[in-house]
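This report concerns only the one structure given below.
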Amino acid sequence: MAATAIYSYAWLVPLALWVLLIAWSVLLLPVTAAVFVLLSRFSLFHPIQWISECTSLLTASSTIFSLVVLCGVVLITGLFNLEFYTLVPSIPCSRMALLGTVLHPRQCVHSLVYCTMGMLVMWCASVTIGGRYSTLGIPCRQSESGEVVTCLNEYHLFLLLAGAFMGYSHSFLGVVQNMYYVSFQPIQQYKYPRFKGCLPMVVKCSVIQSLYSARNFAALYFFFGYAPKTWISSTLHLQIDSSLQPLDSLTGLLDFSLLYHLTISGTFLYFTWYLTVLLFRIYVTEAYSFPVQSTFTEDAEQCLPKVLAETNTLVMKFFALQDLALLSQHSLSRRLEVFCLSQPGGHPHNWNAISRECLSLLSELTQRLVAHQDAVASNGRVKSQSDIAETPRLGVPLRTPGSVFKSSVGGVHSALTAPFTPDVDSPFSSPAIRRLVGQQEPRSPWFGTVQSPHIMRRGPKLWSASTGETGHITCLFVLKMHFALCCFCFQGLSHLVAASFSEDQFGVVQTTLPNILSCLVVLLEAVDRHFKLPHASSKPARAVCRMGDSTYKTLRFALRAALKTAIYKITTTFGEHLNAVNISTEHRKRLQQFLEFKE
């Protein structure tokens with residue numbers, strides 16, 4: 001019963017957020033469509049005629065039907081966002097691994113669907129633009145007999161094929177740029193200010209990506225456009241009008257009107273998809289508040305201490321730690337509930353559960369850092385997990401919503417469970433992901449004893465890669481998730497400890513203060529050693545604009561800053577009172593550096 005109550009959150013919360021995402025995307029669709037209509041019919045020298053044509057076009061039946069089709073595209077886009085989004089960044093260790101991800105059947109289906117949606121959006125755009133772009137078949141007169149027949153409209157075909165090309169480009173860049181990675185923001189913003197702040201970036205990325213795609217597709221059509229044109233005309237029994245200039249020629253492509261309509265149509269297409277991505281990120285990372293304690297027994301399993309201590313669902317772990325960080329800073333009443341004693345009995349169950357889970361998470365990160373440092377130092381085999389001091393939860397795999405449903409509803413793989421579930425069944429998935437969710441391959445070097453990825457790099461490669469960088473990325477793959485989790489953990493734990501100096505009437509925090517300080521100092525020492533190791537580049541990618549989230553590259557800097565900030569928060573609050581805390585001499589010396597502001 002306890003597990004069922006907690007796991008129900010794992011799919012109910014994303015489902016509710018998905019419904020809101022689709023609702024707002026559909027509501028914003030008429031606005032973006034109206035802007036597209038204005039730009040597609042733009043006339044500098046006839047402004048009155050331009051406005052009147054746009055007004056009549058916005059109320060036309062063809063436009064309304066196009067909006068219905070676009071609503072279907074938005075719905076499918078939202079479903080694929082929910083299916084493919086993950087909290088664990090996908091970092092291919094080599095070009096071969098990236099190629100395997102792109103050619104995976106699941107990704108091929110994704111690309112095929114986006115190609116189809118791209119053609120649908122471009123069909124709607126061509127119908128809206130009208131004129132020579134409106135239909136695929138147009139009447140023409142044969143030069144020999146003078147008979148009126150139906151000919152292929154190459155302008156309409158050009159836009160349809162461009163939509164398919166842009167759809168595949170979006171699917172491919174989703175893998176390359178980690179567009180499906182969702183990161184929880186350390187500083188929470190309200191939805192509207194965050195949306196307003198990110199909207200210019202979405203417009204800029206849409207325009208730039210449309211220009212790149214228009215350039216690449218024009219070059220591709222110039223060399224290979226004759227083949228699809230001939231095949232489609234023969235399949236649909238359409239003639240080719242030889243009196244018109246073909247578009248697979250230099251003269252045909254040097255058409256300003258054609259390139260202009262291709263660019264604005266591509267911008268509309270990318271903006272529709274990018275807007276859905278932005279709204280999904282905003283809603284899925286929105287703060288979720290858990291009750292600290294409940295009056296009724298049946299609701300106790302949904303309280304924050306229980307969610308932190310008993311659930312292994314990754315998305316719920318983020319929600320719970322994020323809520324802990326927020327309540328520790330901004331909610332006096334909820335902090336008092338954390339510090340309160342149970343009645344009857346007088347036990348600090350809330351604080352014990354919260355502090356135990358936080359310390360377990362920090363200890364696990366410390367052990368993973370030490371194991372990674374041993375791997376790099378020995379350039380080979382390191383101690384097995386059984387040789388390292390384990391926390392009670394180290395051997396328990398983090399469970400995702402997908403694994404929750406496998407155990408609760410008989411293995412049904414639903415779109416509701418997949419946004420935060422790595423594809424562990426893929427033959428190209430990383431061994432680190434399988435180890436994260438509790439699966440290991442017998443043939444993998446990660447099976448049994450943990451090995452350094454340097455061993456893997458001794459084998460032959462079909463593509464050359466920077467071994468010093470890709471091997472390190474592979475080994476740090478699982479650490480990235482722990483970095484993000486622990487940043488919220490630092491905030492919540494340190495602010496609660498600092499607030500206990502004046503708000504903890506029963507002294508419940510003081511009993512665990514030595515363990516908290518020791519755990520933070522030990523982790524800080526491990527982080528310091530971690531920064532002395534060779535690292536992959538943390539510089540942002542050299543791209544003019546990208547919708548992919550690359551914040552995972554700088555998570556180690558955020559982790560160190562958050563850890564030092566947490567220690568400073570405690571030392572500045574307690575001051576010289578820390579000298580009375582029972583900790584080791586080495587840890588006391590390190591804390592003295594913080595008391596003297598020398599760190």
Side-chain angles (χ1 to χ4, degrees), residues 6-28 74-75 77-89 178-202 273-292 302-304 307-308 311 313-331 333-334 400-401 404 415-421 481 483-492 495 547-549 551-552 555 558 562:
I6 294 177
Y7 294 158
S8 62
Y9 276 116
W11 63 273
L12 285 176
V13 174
L15 175 62
L17 298 175
W18 178 80
V19 172
L20 291 174
L21 155 72
I22 295 300
W24 276 108
S25 299
V26 170
L27 288 175
L28 292 174
V74 168
L75 179 63
T77 304
L79 285 174
F80 270 84
N81 286 339
L82 193 64
E83 172 70 21
F84 279 80
Y85 268 78
T86 177
L87 297 177
V88 182
N178 259 303
M179 200 178 298
Y180 304 116
Y181 168 61
V182 174
S183 62
F184 279 73
Q185 302 298 314
I187 301 177
Q188 281 294 308
Q189 288 182 292
Y190 289 107
K191 293 188 291 291
Y192 176 70
R194 185 179 175 187
F195 174 79
K196 185 174 67 173
C198 295
L199 190 59
M201 180 199 68
V202 174
W273 287 338
Y274 289 166
L275 191 66
T276 308
V277 171
L278 174 63
L279 289 173
F280 186 89
R281 290 176 180 172
I282 290 176
Y283 275 101
V284 83
T285 58
E286 186 181 8
Y288 189 85
S289 180
F290 296 91
V292 177
Q302 301 175 4
C303 295
L304 179 61
V307 175
L308 276 173
T311 183
T313 308
L314 187 55
V315 62
M316 299 308 297
K317 181 71 66 176
F318 271 99
F319 279 132
L321 288 172
Q322 184 185 52
D323 184 41
L324 177 65
L326 292 176
L327 80 85
S328 65
Q329 301 176 58
H330 307 296
S331 179
S333 60
R334 299 181 71 196
T400 60
V404 170
L416 303 177
T417 69
F420 313 104
T421 307
M481 182 203 66
F483 287 176
L485 284 171
C486 287
C487 286
F488 287 118
C489 185
F490 295 150
Q491 295 181 34
H495 281 85
M547 283 296 294
D549 194 336
T551 56
Y552 63 89
L555 273 177

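When reading the values below, keep in mind they use all heavy atoms of this one structure, side chains included, and skip hydrogens, waters and symmetry mates.
At a threshold of 4.5 Å between non-hydrogen side-chain atoms, the residues Tyr190 and Lys196 do not count as touching. Between Leu314 and Val88, the closest side-chain pair of non-hydrogen atoms falls below 4.5 Å.
Minimum interatomic distance between Val74 and Ser25 (heavy atoms only, all atoms of both residues): CG1-CB, 3.4 Å. Arg334 and Ser331 make their closest contact through CG-OG, 3.0 Å (heavy atoms, listed as atom of the first residue, atom of the second, distance). Residues Leu304 and Ala320 share a closest heavy-atom pair of CD1-O, 3.6 Å. Annotation for Leu278 and Phe195: closest pair CD2-CD1, 3.8 Å, computed over non-hydrogen atoms. Closest of all the heavy-atom pairs between Val315 and Leu87 is CA-CD1, 3.7 Å.
For the atom pair Ser289 OG and Asp323 CG, the distance stands at 4.5 Å (nearest 0.5 Å). Expressed to the nearest 0.5 Å, how far CD of Gln189 lies from CD of Glu286 amounts to 12.5 Å. Between the CG atom of Leu279 and the CG atom of Leu27 there is a distance of 10.5 Å, given to the nearest 0.5 Å. Atom OG of Ser328 and atom CZ of Phe488 lie 11.0 Å apart (nearest 0.5 Å). Note that CZ of Phe184 is 9.5 Å distant from CG of Leu485, once rounded to the nearest 0.5 Å. Atom CD1 of residue Ile22 and atom OG1 of residue Thr276 lie 6.5 Å apart, to the nearest 0.5 angstrom.
Between the side chain of His495 and the backbone N or O of Gln491 there is at least one donor-acceptor pair closer than 3.5 Å. No side-chain donor-acceptor contact under 3.5 Å links Lys191 to the backbone of Tyr283.
Side-chain atoms of Arg194 and Thr285 include a donor-acceptor pair closer than 3.5 Å.
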Next item on the list: Take Tyr288 and Phe290, measure what ring pair (Phe, Tyr, Trp, His ring centres under 6.0 Å) needs, and give me the verdict at the end.
Entry: CA-CA 7 Å; Tyr288 189 85; Phe290 296 91; 5.0 Å; yes
Next item on the list: Show your working on side chain to side chain contact (heavy atoms under 4.5 Å, CB included) between Met547 and Val202 and close with a plain yes or no.
Entry: CA-CA 8 Å; Met547 283 296 294; Val202 174; 4.3 Å; yes
Next item on the list: List the steps, then state whether side chain to side chain contact (heavy atoms under 4.5 Å, CB included) holds for Thr86 with Val182.
Entry: CA-CA 6 Å; Thr86 177; Val182 174; over 6 Å; no
Item checked: Check against side chain to side chain contact (heavy atoms under 4.5 Å, CB included), Leu321 and Lys317 -> CA-CA 6 Å; Leu321 288 172; Lys317 181 71 66 176; 4.0 Å; yes
Item checked: Candidate pair Leu82 and Phe280, rule side chain to side chain contact (heavy atoms under 4.5 Å, CB included), full reasoning -> CA-CA 8 Å; Leu82 193 64; Phe280 186 89; 4.0 Å; yes
